[in-house]
Amino acid sequence: MPELNTLRALANDKRLAILGWLRDPVANFPPQVDGDLMKDGVCGLLIAVKLGVSQPTASEHLKILTQAGLLRTKRIKQWTFYKRDETALAAFKAALLREL
């Protein structure tokens with residue numbers, strides 16, 4: 001059965017938008033000074049700007065997705081970068097389909 005944490009993480013339009021944008025970060029975010037969009041992920045600040053919310057609000061959404069195992073984080077300097085965990089997402093989809 002799919003994890004309840006994962007289902008709760010996905011039960012929010014903003015978090016679903018984040019996951020969608022991170023599927024193709026080059027198409028959805030401008031180039032970054034630090035960190036490669038594909039290799040390192042997207043800076044949390046860029047995600048907050050695209051969401052149109054404050055940094056703390058975006059951080060809460062990103063924390064929920066990370067705790068659910070859907071995102072991986074990487075620290076570069078003082079910034080946190082976020083990238084989809086494709087293995088975890090595939091496992092969740094498979095578990096969900098088994099339940100249907």
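The basis for the numbers below is simple: all heavy atoms, side chains too, and nothing from hydrogens, waters or symmetry mates. We're numbering straight along the sequence, starting at 1.
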Per the side chain to side chain contact (heavy atoms under 4.5 Å, CB included) rule, which among Leu65, Leu22, Val42 passes with Arg84?
Leu22
Rounded to the nearest 0.5 Å, the CG atom of Leu96 sits from the OG1 atom of Thr6 at a distance of 10.5 Å
Grouping I, L, V, M, F, W and Y whenever their side-chain heavy atoms are under 4.5 Å apart, do Ile47 and Leu89 come out in a common cluster?
yes
CH2 (Trp79) and CG (Leu46) are apart, to the nearest 0.5 Å, by 9.5 Å
Would you give the length of the straight line joining atom CG of Leu62 to atom CD1 of Ile18, rounded to the nearest 0.5 angstrom?
4.5 Å
Sub-4.5 Å side-chain heavy-atom contact between Leu10 and Leu70
yes
So which heavy atom on Lys39 is nearest to which on Lys83, and how close?
O-NZ, 3.4 Å
From Glu86 CD over to Lys93 NZ, what is the distance, rounded to the nearest 0.5 angstrom?
7.0 Å
Any pair with a residue in residues 21-34 that passes side-chain hydrogen bond (donor to acceptor under 3.5 Å, both in side chains), sequence neighbours left out, goes on the list, sorted by first then second residue, please.
Asp34-Lys77
Side-chain heavy atoms under 4.5 angstrom apart, residues restricted to Ile, Leu, Val, Met, Phe, Trp, Tyr: same cluster for Leu16 and Leu51?
yes
Residue pair Gln67, Asn5: steps toward the side chain to side chain contact (heavy atoms under 4.5 Å, CB included) verdict:
CA-CA 8 Å; Gln67 288 175 340; Asn5 266 359; 5.6 Å; no
Do you know which two heavy atoms are closest between Cys43 and Phe81, and how far apart they sit?
N-CD2, 3.4 Å
Might you work through the side chain to side chain contact (heavy atoms under 4.5 Å, CB included) test for Leu19 and Leu71, ending with a clear yes or no?
CA-CA 8 Å; Leu19 285 172; Leu71 296 181; 3.8 Å; yes
By side chain to side chain donor-acceptor pair (under 3.5 Å), which residues pair with Asp40, not counting sequence neighbours?
Lys74
Atom of Ala48, atom of Ser54 and distance for their closest heavy-atom approach
CB-O, 4.1 Å
Residue pair Tyr82 / Gly44: nearest heavy atoms and the distance that separates them
CE1-CA, 3.9 Å
